[in-house]
Amino acid sequence: MTVFISGAARNAAADAITALIDAGAAGGKLQIRSGTQPAGPDATATGTLLAELTLAATAFAAASGGVAALAGTPIAVTAVADGTATWFRILDSNGVARIDGGVGVSNADLLVNTTTVSTGLDVEITDGTITIPASG
């Protein structure tokens, strides 16, 4: 049998995930990395850290339609290394990894203006979402 969840449950799930990121005394961190994305946020980060930014105290807007959008986009962050951005990790303010996802200029969880990153130049985050899939 197929499991079906309500729209309200999808929103609550997305909001619960974003609450984990917002917990703590400060904003969480968003890291943009190169290389192969690990199996999940419980695994050690891989690749090169290309850029990192501190998120707003409330990093995501309240979910609608099962989607929580990153607040404040576009956001510019200065690169600290050269490479090709392939994945991202979001950590809470205590440094606990909560979410990993793909980076791209389209069709990705975190959208950027370019995946070619150069030290000292800005990478612009144009959009980012946490999506709880629909039922069925």
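Treat the numbers as computed from the prediction; the structure is a model and nothing was measured.
The CZ atom of R98 sits 12.0 Å away from atom CD1 of I90, with the distance rounded to the nearest 0.5 Å. Summarising the geometry, atom CG belonging to L111 is positioned 4.5 Å from atom OG1 belonging to T126; distances are rounded to the nearest 0.5 Å. Between atom CG of residue D109 and atom CG of residue L70 there is a gap of 12.0 Å, rounded to the nearest 0.5 Å. Here CD1 of I21 is found 14.0 Å from NZ of K29. Values are rounded to the nearest 0.5 Å. The CG atom of N94 sits 11.0 Å away from the CG atom of L20 when rounded to the nearest 0.5 Å. To the nearest 0.5 Å, the span separating CD1 on I132 from CD1 on I5 amounts to 7.5 Å.
At distances below 3.5 Å, not a single donor-acceptor pair connects side-chain atoms of D22 with backbone N or O atoms of G27. Side-chain N or O atoms of D15 include none that pairs as donor or acceptor with a backbone N or O of A62 at under 3.5 Å. In this structure a side-chain-to-backbone donor-acceptor pair under 3.5 Å is present from T114 to T116. A distance-only check finds a donor-acceptor pair linking the side chain of S34 to the backbone of T48 [under 3.5 Å]. Side-chain atoms of R10 come within 3.5 Å of backbone N or O of G65 as a donor-acceptor pair.
Residue G24 comes nearest to S93 through the heavy atom pair CA-OG, 3.2 Å, listed as atom of the first residue, atom of the second, then distance. G40 and D100 make their closest contact through C-OD2, 3.2 Å (heavy atoms, listed as atom of the first residue, atom of the second, distance). Minimum heavy-atom separation, P41 to A97: O-CB, 3.2 Å.
Two residues are said to be in side-chain contact when any heavy atoms from C-beta on lie closer than 4.5 Å; L91 and Q31 meet this criterion. Contact annotation: the side chain of T78 approaches that of D122 to within less than 4.5 Å [non-hydrogen atoms, C-beta and beyond]. In this structure, L53 and I125 have side chains that are in contact, with non-hydrogen atoms separated by less than 4.5 Å. T46 has its side chain within reach of W87: a pair of non-hydrogen atoms, C-beta onward, lies under 4.5 Å apart.
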Stepwise, does the side chain to side chain contact (heavy atoms under 4.5 Å, CB included) test hold for V77 with L30? CA-CA 10 Å; V77 57; L30 187 150; over 6 Å; no
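Side chains of S118 and D82: a donor-acceptor N/O pair is absent below 3.5 angstrom, by distance only.
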